[in-house]
Amino acid sequence: MGKTRAKTYAVLAVWIVLTLSLAGCATGKEIAWTQINSSDKELLIWAWDENFNIKAANIAAKYYRQQHPDIKIQVVAEEKHDIIRELKNGFETEVYTELPDIVLIEDYEIQKLLTSYTKEFFAMDHFLDYDLYQEYKTALVSMNGIHYGVPFDSGAAVMFYRKDYVEAAGYTEADMQNITWEKYVEVARRVKEKVGVHMLTVQPDDLGIIRIMMQSGGSWYVDRSGKHADIIDNIPLRNGLEIYKQLINEDLVVSVEGWDGFTRAFTQGEVATVVSGCWIAPSIRENQDQAGLWRVAAIPRMEKVKESVNASNIGGGSWYVLKNKTNYEEAACFLKETFGENREFMNELVKEINLVSTRKDARQMPAYEETEEYFGATNIFDVFLETTENVPVVNCGVRTYEIEDILEEELQIIVKEDDFGESLRKVQIQAQAIIN
Amino acid sequence: MSKKSRVMNVLQYVVLTILSIISIFPFFWMIIAATNKSVDVTKGTMVPGTYLLENIKNLMGSDLQYLTAFKNSLIIAVVTTALAMVVSSAAGYAFEVYKSKARDRVFSIVLLSMMVPFAALMVPLFRLFSKFNNIPVLKWIGLNSTGSVIIIAVATAFLIFFFRQNTKTFPRELIEASRIDGLGEFKIFTKIYMPTMKSTYAAAVVVTFMASWNNYLWPLIALQSEEKRTLPLVISAMGSSYTPDYGMIMTAVVIATLPTAIIFFIMQKQFVAGMTGSVKG
């Protein structure tokens, strides 16, 4: 009796175990899938950065609810790369209930998603007048002439510099306006000599500075079509690498690890300039000990590249509507009435999160007229907006980060060798291989 | 003690001290950082600050629903651990105690499931669980439910293997004696086996609780709504910010570390005994 019972238990235990641990291998009759979250009045939004994007989405929700009180809007903070992973998972499995209605995607990532999952994104052409936005930004959110994203923040690349260091080296604020990288190197040498600090941080694992230089010359890792790697014959890239190499070889830059290494260097006063996106301003401003010491100017241009201008872009994101969600029209409406066309809302975002808008008429927003004590009572938005207006248009193609990984591997050789043509040839071949 | 062995002793202590410092340093840094302002953390300060309360206030005041996530993580970890102990130990016990022809073959299949990386199972699992949402009786383990995260961790090949290995040291005589005394198989398991194997259970509790508490990938794709999300997801979301508040993040991490640390310290002794597989009978 006991034994039979024991066997029953054993069989039961094994059965439970097998069912649970091998659940993933289960196959069977497909059960028709119906939307479970089909409540018409609910929008789910995903974004990253609770101090910036999440805050903006919550304010947008507040505005939208004033006009549409019956809509429920939920904003969820996710990690930037997790968003991409979850989207791909949802698209592949075609299980849409777990996906958001609206999602923020970084501009460098979107082309890859648009190419692989075109049918998943809702085209916004009928909802938004794209002529109202800066061209470089609309180019990033569209594919084959169709616009998918609602442009959000500008990643205007600017140069923050320490006025006290630069002055100690014998330069004035006027000397720092619209300079070339050659002049920048000259200032860097003097700063190093007189003040004893480096000019800039470089991160071996993040070639943001190269991207900034390259786009200021109107080019990218891929050509205009986005289908061919543009490395070996890319003059702005070559020049950017030359400058990068010079800065390293003359010991004018300090190498840091990761984001905290990057922020630590300027909060500790170890560098004289920060050449990065305008979104770094709040991090600089955080250190009240340095109030009044920082100024903002346009980034340097490359003297040897005639197309190069004192403006570029780094980072930035845009909002997208997922087409296969039940509420896609409501979601598109939400974006149109908030991030798309609501100027009062955008003005509030300038105040709340220092948003640098990519709208052409951004300058008319009153919040952009305010000066800031921290930056010596200057108006930093002037530089941000002017940069945004002049950013050269590029096609980021589908594999920015992957190509950059390849370039990073060759970087040590590029920095050491006199002629790095061979390295670039290698990068070109590998980059073309992953694009195909 | 000879001079040579004394020197060896000193050397051993020096090496161990250095290793301990290396292991403890991240925790030390984490606690220091939790008491400082973000800007001081980036400056690399190594002295405790006075900003802890402010950090906690910021954490609770942010849009991240930290407390909800904490509660979710706790419920998931506790329920998973409790269920896993019952199911996996019964399985491990059964595999060892009851003989059958297919036993070892079935056990190999269970072990095989350990070799399949989770990333490979993710998509089919996601599809499967999405179907559960449509079946009324299985809704509670469908996507975006706490059950979906619990059910998947209740029976793991590792735990079954662990219990089976430890059951090998369990004296068979006890089972035989109990049978002769008229105890049923179920009671032998609950009244004799479970109390005797306390330290094995303790080790399994620590391992399961930690794994469940720190689990990231499956909750990430299975849980979507804010009120269901777990701590690792919320903490991860904090990091991807243009201006991360390191003080607040570290406070969040310190609080998140507490439950596992407490569980470990309570069960430390049994854990070590359980891992080494000894039975005190």
Side-chain angles (χ1 to χ4, degrees), chain A residues 2-3 5-7 9-10 13-14 16-26 30-34 36 44 48-52 54-55 58 74-82 85-86 89-90 92-93 95 97-100 259-260 263-264 267-268 277 279-280 282-283 286-288 315, chain B residues 38-39 42-44 62-64 87-88 90-91 94-95 97-98 100 106 109-110 113 116 121-128 130-131 133-135 142-144 151-152 154-157 160 179 184-186 189 220-222 224-226 229 233-234 236-246:
Chain A
K3 271 240 156 128
R5 220 150 147 218
K7 267 198 174 163
Y9 284 129
V14 170
I16 293 175
V17 164
L18 281 178
T19 326
L20 296 177
S21 59
L22 298 173
C25 309
E30 298 261 317
I31 300 150
W33 178 248
T34 51
I36 49 160
L44 177 63
W48 68 91
D49 194 346
E50 71 277 7
N51 297 322
F52 194 82
I54 295 289
K55 214 168 166 181
N58 277 321
Q74 194 180 34
V75 184
V76 176
E78 296 250 3
E79 205 272 328
K80 193 161 68 179
H81 300 102
D82 286 349
R85 182 148 61 172
E86 288 174 78
N89 189 51
E92 291 292 345
T93 53
V95 175
T97 45
E98 299 305 307
L99 293 182
W259 185 266
D260 53 329
T263 50
R264 188 179 302 129
T267 36
Q268 289 190 323
W279 34 257
I280 199 71
S283 297
E286 212 168 87
N287 192 358
Q288 284 301 325
Chain B
S38 183
V39 58
T42 38
K43 277 180 178 171
S62 74
D63 294 330
L64 289 161
V87 174
S88 296
F95 268 124
V97 171
Y98 304 117
S100 92
V106 175
I109 297 173
V110 173
S113 73
V116 184
L121 293 175
M122 213 163 67
V123 172
L125 275 181
F126 189 76
R127 280 188 73 92
L128 177 74
S130 74
K131 307 287 185 221
N133 289 77
N134 291 347
I135 307 168
L143 286 182
N144 205 14
I151 204 80
I152 210 157
V154 165
T156 62
I160 297 161
R179 278 183 189 150
E185 292 299 317
F186 185 69
F189 178 69
L220 171 73
I221 58 165
Q224 295 311 340
S225 66
E226 202 155 23
R229 294 164 74 79
L233 306 181
V234 168
S236 156
M238 283 179 180
S240 60
S241 171
Y242 285 142
T243 41
D245 184 343
Y246 289 112

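Since the structure is predicted, the reported quantities are computational estimates derived from the model, not experimental observations.
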To the nearest 0.5 Å, tell me how far Leu143(B) CG sits from Ser130(B) OG. 5.5 Å
How many angstroms lie between atom CD of Glu78(A) and atom CG of Leu233(B), to the nearest 0.5 angstrom? 7.5 Å
Relative to chain A, which of Ile221(B), Leu220(B), Val123(B) shows the most heavy atom pairs under 4.5 Å? Leu220(B)
To the nearest 0.5 Å, what is the distance between OG1 on Thr263(A) and CD1 on Ile280(A)? 7.0 Å
Sorted by chain and residue number, the salt bridge (charged side-chain N to carboxylate O under 4.0 Å, His left out) partners of Lys55(A) (sequence neighbours excluded) come out as none
Winner by heavy-atom pair count (cut-off under 4.5 Å) against chain B, out of His81(A), Arg85(A), Glu92(A): Arg85(A)
Let's test your reading of the structure: which of Phe52(A), Trp48(A), Trp279(A) forms the most heavy-atom pairs below 4.5 Å with chain B? Trp279(A)
Does a side-chain heavy-atom distance below 4.5 Å link Gln224(B) with Gln74(A)? no
Select one option (side chain, backbone, both, neither) describing which atoms of Tyr246(B) are under 4.5 Å from chain A's heavy atoms. side chain
Under a 4.5 Å heavy-atom cutoff, which of Asp260(A), Leu99(A), Asn89(A) has the most pairs with chain B? Asn89(A)
